[in-house]
Amino acid sequence: MLPLKHVVTKHKPKFKFNFLFSSSSSSSSSSTSSPSSSPSCTSIYSPTTSFSITENENDVASSFKTWFQTRHRYDDPLLLRIYQILSSGDDFSSSLSSLSLPLSEPFVIRVLRHGGDNNDILSCLKFFDWAGRQPCFNHTRATFIAIFRILTRGNLMPLVLDFLQLFRKRGFQHRVRFNDTLVVGYAIAGKPDVALHVFGKMRFQGLDLDGFGYHILLNALAEDNYFNAFNTILNQIRIRGYATSVTDSIVVKCMCKQGRLDEAEDYLNGLLGSGKELHGSEVSLLVSSLCDRNRFDHAVEVVKEFGKSGLVPMEHAYGACVKGLVKGGRLDEALEFFRQKRDSGGYVPGLLRYNMLICRLLRESRLREVFDLLVDMNESCMTPDMVTMNSVLCFFCKAGMVDVALQLYKSRSQFGLNPNQMAYKYLILTLCWDESVKEACRVLKSSIGNGFFPDRQTFSTLANALCRERKVDEMKELIHFALKHDFTPSAVTYDNFISALCRAGRVEDGYLIHEELNNATARLSYSKMINSFIKKKKGDIAARLLVEMKEKNLQLTRTLCRAVIFSLLDMDNPITRVFNLLDMLTHGKPDTQIFNFFIDGAGHARKTDLARKIYELMLLNNIVPTIVSQALLLNSYLGSERISEALNFFYSLRDQGVVSKRLYSSMINGLCKHNKADIACDKSDIAHDKADIARRILVDMLNAGLNPGIECYENLVQKLCSLKRYPEAINLVQVYMKMGRRLTSFLGNILLFHSLITPNVYHTCVKMRGEKEGESSPFSTLTVVIGVFSDCLKVNHSIEELVALCFPLDIYTYNLLLRRTTSYDMNQACELFNRIRQRGYEPNGWTYDIMVHGFSKHGRNYETKQWLEEMHHEGFYPTETTGRNVRKILFNGEY
């Protein structure tokens with residue numbers, strides 16, 4: 001294992017940096033090799049940086065572990081043993097008693113300070129309580145103040161107040177300056193008014209504070225803006241001769257709190273001019289206040305002026321300046337100031353300032369600077385504290401090195417790491433993004449065990465990850481944790497959970513959660529549950545959920561209603577169930593959309609009579625059917641092959657004066673898509689062939705001034721060509737083109753396909769091309785293309801270019817070109833195949849089949865086998881005809 005100072009260094013090539021800056025920064029990434037080029041290289045990505053470390057992750061983790069363990073190098077083994085017992089969760093009282101501890105005021109304070117430095121507040125409280133119950137020891141004012149400071153630092157003011165209240169009730173059982181402790185305690189707890197009240201009672205009883213108590217009270221008054229009382233206590237301090245440099249610091253703080261910054265500066269200059277010794281904290285208070293009021297330039301000037309005097313220790317002021325610049329958003333200036341003072345040799349930054357800079361840099365994802373500061377700390381032999389270790393954990397998470405972060409986390413007991421909420425958050429989020437969801441759940445349990453419940457972002461990310469991976473049992477446990485901690489997951493989280501349960505086949509559990517949500521389920525979850533119940537053949541529950549959606553004004557869709565209707569029609573009493581659902585969804589109100597959905601559903605289920613009944617029910621309820629309603633019923637007739645009824649319904653509407661492009665289009669497309677040749681029809685003047693009927697309806701549509709859609713032309717031309725009725729098909733194409741429309745790929749491909757089969761398509765085009773048509777007209781160009789495809793014409797131009805003049809080429813067109821080319825030249829076919837790919841088209845199964853068939857037809861057995869293997873590799877298989885040729889040529893009938 002390499003020492004950290006060698007592994008983590010900016011001077012040695014063990015770690016290399018590769019940064020991709022945002023648009024406001026320069027980029028030098030182009031000159032750096034890709035991380036993936038080295039098997040030992042770990043890539044780190046963040047929103048703003050790309051960062052690579054050319055070192056094995058295990059070595060990196062080991063190096064940081066070694067650095068972290070230095071914080072215990074000088075620890076008292078007895079203190080470590082005490083806190084090991086306190087954190088074990090066992091009966092610590094007897095275990096501590098067995099140590100025969102030398103309980104005294106200094107020893108208890110040392111034990112408490114050790115726990116406070118490690119932010120182990122719970123263990124501090126346990127030890128304080130245990131020590132106070134030992135017969136050989138009574139708490140003193142100093143021990144009380146020590147625990148008060150620890151609780152205050154942990155933002156546990158209410159607990160301090162509870163302590164003081166209990167202390168007052170228990171009275172004088174301990175040998176301690178009772179009133180002094182109360183005054184100091186309330187002052188520390190941020191209750192100077194109560195402290196003043198207790199102090200007044202003391203003075204009435206003839207008691208007084210000592211210098212320490214007076215200064216604690218004075219500081220509290222300054223902090224909470226009790227300026228009148230502040231001046232009174234300050235006079236008392238000066239009268240009693242308690243004034244020290246601490247007093248001066250508090251006076252400067254009070255002036256700064258009042259905004260009297262210039263007076264504070266004059267006050268300090270006066271102290272300096274009188275020859276009074278300053279300790280540096282006074283200047284740092286002024287510098288901090290200047291920064292708080294955005295007077296950064298003046299703050300830096302003050303630091304320089306006092307630094308030039310050589311009479312004031314400037315470490316505190318330098319640190320205050322760095323802190324103020326960081327808080328003011330001037331991070332770059334803070335870093336520059338920090339480095340300048342550090343490199344000048346006159347400033348040794350403390351751990352607190354390093355931690356502050358690292359935390360802010362982490363927030364902005366400036367990982368390179370974070371890494372440099374960590375290296376600097378290590379090279380300076382600085383012992384990391386809890387904040388540093390948590391920052392390192394966050395650093396590796398943000399850098400994408402989750403394995404290193406996880407190793408440090410799992411080894412936390414070796415160096416006493418107690419992750420804070422931010423470290424837990426980053427670790428859980430990174431594990432989720434790294435798809436290590438089970439590990440993230442384990443970290444979450446540890447987080448909750450240590451009193452940290454995740455924030456909403458972390459909770460939602462973990463919940464979404466669990467739902468995505470269908471870990472529904474773990475998700476149920478997470479929901480249980482949330483409710484136990486009075487945390488209400490969002491509706492989106494519940495929706496994702498319901499969807500995950502549905503995907504896992506546990507729709508009943510999802511339904512129970514839906515009922516518990518009490519009207520908070522979203523539309524997506526309803527859809528998931530409805531479809532899941534339909535799969536389980538429980539259409540009644542699906543219908544109930546559909547009604548709930550309507551009652552909550554959630555938008556119903558045609559597809560969802562169709563699925564529910566299909567499901568009900570597979571149950572007993574299907575018609576009754578469908579009409580009951582329709583009644584529950586409409587409540588007798590004229591909801592045309594719902595009726596349309598039901599006509600559509602019945603039509604797709606081939607229940608034409610049911611669709612007709614629903615349509616008639618609309619009329620009975622005085623609901624005027626819309627064109628959509630009529631088209632849906634018409635499509636129902638056509639879909640059920642009840643062509644005669646479809647025609648009767650269509651003509652009855654037309655006789656009523658209903659002339660709609662949608663109805664005409666539905667008839668034309670419906671007739672073309674069904675294959676029965678003859679039909680019974682009430683109109684004696686209409687031929688029995690559906691293609692004829694469809695063509696006549698299209699003519700009627702044109703005569704009515706309605707412009708048929710492209711789909712009508714495409715379906716009818718395809719139908720006529722399949723019946724080899726080329727004159728009628730070509731005539732339709734002419735009509736279409738004379739309207740100024742460009743030929744679609746579909747229409748063009750139909751004509752080219754049939755021209756490969758028979759020359760009749762070309763001959764028909766020649767006959768129908770009028771004398772007035774010039775050679776450059778679109779129809780004349782199409783005729784030439786069809787002639788070339790039919791081998792009736794030879795041209796010098798590229799056939800692709802000619803086709804492109806007529807209509808846009810697609811993969812189907814290229815397959816037709818390929819099929820034509822394979823009939824005479826396989827080398828050209830190979831060139832065309834490559835050109836297909838070069839032009840961005842992806843060859844499909846038919847493309848490969850054409851190539852295999854062509855090589856087998858030309859007897860090129862080796863190429864046939866090669867192309868067949870390539871075809872299989874792409875997941876395609878030859879058609880029966882091609883397969884027969886291949887078996888015959890290559891495998892002697894065994895394929």
Side-chain angles (χ1 to χ4, degrees), residues 141-142 144-153 155-169 176-268 270-271 274 276 278-279 281-290 292-293 316 320:
R141 183 179 68 158
F144 272 105
I145 291 172
I147 194 67
F148 292 160
R149 290 191 185 280
I150 290 171
L151 294 174
T152 304
R153 202 160 56 233
N155 293 321
L156 299 172
M157 297 295 188
L159 199 53
V160 177
L161 296 176
D162 290 342
F163 251 92
L164 291 168
Q165 196 66 23
L166 180 63
F167 183 68
R168 297 179 78 168
K169 287 180 179 179
V176 62
R177 295 185 61 173
F178 177 72
N179 288 306
D180 288 33
T181 303
L182 285 178
V183 172
V184 171
Y186 281 116
I188 291 174
K191 295 288 185 181
D193 52 339
V194 182
L196 282 172
H197 179 70
V198 176
F199 177 60
K201 290 177 67 176
M202 283 180 62
R203 294 299 301 272
F204 182 76
Q205 296 169 1
L207 302 174
D208 200 1
L209 293 171
D210 59 9
F212 176 80
Y214 265 113
H215 282 94
I216 292 291
L217 178 58
L218 186 69
N219 186 67
L221 294 169
E223 287 284 354
D224 283 80
N225 303 327
Y226 284 75
F227 300 125
N228 292 331
F230 177 88
N231 292 328
T232 301
I233 298 300
L234 177 61
N235 289 333
Q236 294 294 316
I237 289 173
R238 287 171 174 168
I239 290 170
R240 284 161 177 74
Y242 291 156
T244 64
S245 59
V246 175
T247 317
D248 294 328
S249 294
I250 299 173
V251 169
V252 172
K253 177 188 287 187
C254 186
M255 289 180 178
C256 291
K257 293 279 284 185
Q258 292 175 285
R260 297 154 54 194
L261 302 186
D262 293 335
E263 290 182 47
E265 187 175 351
D266 292 340
Y267 183 82
L268 288 176
L271 292 175
S274 66
K276 195 167 185 179
L278 298 182
H279 291 113
S281 59
E282 310 92 332
V283 180
S284 67
L285 287 167
L286 176 59
V287 171
S288 295
S289 297
L290 287 168
D292 289 341
R293 286 163 176 78
H316 290 298

- Residue pairs fulfilling ring pair (Phe, Tyr, Trp, His ring centres under 6.0 Å) with at least one residue in residues 243-264, sequence neighbours excluded: none
- Task: Can you see which heavy atom on Arg238 is nearest to which on Ala243, and at what distance?
- Result: CG-CB, 4.3 Å
- Query: Around Asn235, counting heavy atoms of other residues, nucleotides and ligands shown, do more than 12 lie under 6.0 Å from its CG?
  - Reply: yes
- Query: By side-chain hydrogen bond (donor to acceptor under 3.5 Å, both in side chains), which residues pair with His215, not counting sequence neighbours?
  - Reply: Thr247
- Query: Atom CG in Asp262, atom CE in Met255: separation rounded to 0.5 Å?
  - Reply: 11.5 Å
- State which residues pass side-chain hydrogen bond (donor to acceptor under 3.5 Å, both in side chains) with Arg260; sequence neighbours excluded, sorted by chain then number. Gln258, Glu263
- Query: By side-chain contact (heavy atoms from CB on, under 4.5 Å), which residues pair with Asp292, not counting sequence neighbours?
  - Reply: Lys327
- Any residue meeting ring pair (Phe, Tyr, Trp, His ring centres under 6.0 Å) with Tyr214, in chain and number order, not counting sequence neighbours: Phe199, Tyr242
- Task: Could you tell me whether the side chain of Tyr267 reaches within less than 4.5 Å of the side chain of Leu286, counting heavy atoms only?
- Result: no
- Query: salt bridge (charged side-chain N to carboxylate O under 4.0 Å, His left out) with Arg240: which residues, sequence neighbours excluded?
  - Reply: Asp208
- Would you please name every residue forming a side-chain hydrogen bond (donor to acceptor under 3.5 Å, both in side chains) with Thr232, sequence neighbours left out? none
- Would you please name every residue forming a side-chain contact (heavy atoms from CB on, under 4.5 Å) with Asn225, sequence neighbours left out? Phe227, Lys257
- Please list, chain by chain and in numerical order, all residues satisfying side-chain contact (heavy atoms from CB on, under 4.5 Å) with Ser249, sequence neighbours excluded. Ser281, Glu282, Leu285
Could you pull out all donor-acceptor pairs under 3.5 Å where a side-chain atom in residues 216-224 meets a protein atom, sequence neighbours excluded?
| residue | atom | partner | partner atom | Å |
| --- | --- | --- | --- | --- |
| Asn219 | OD1 | Lys253 | NZ | 2.7 |
| Glu223 | OE2 | Lys253 | NZ | 2.8 |

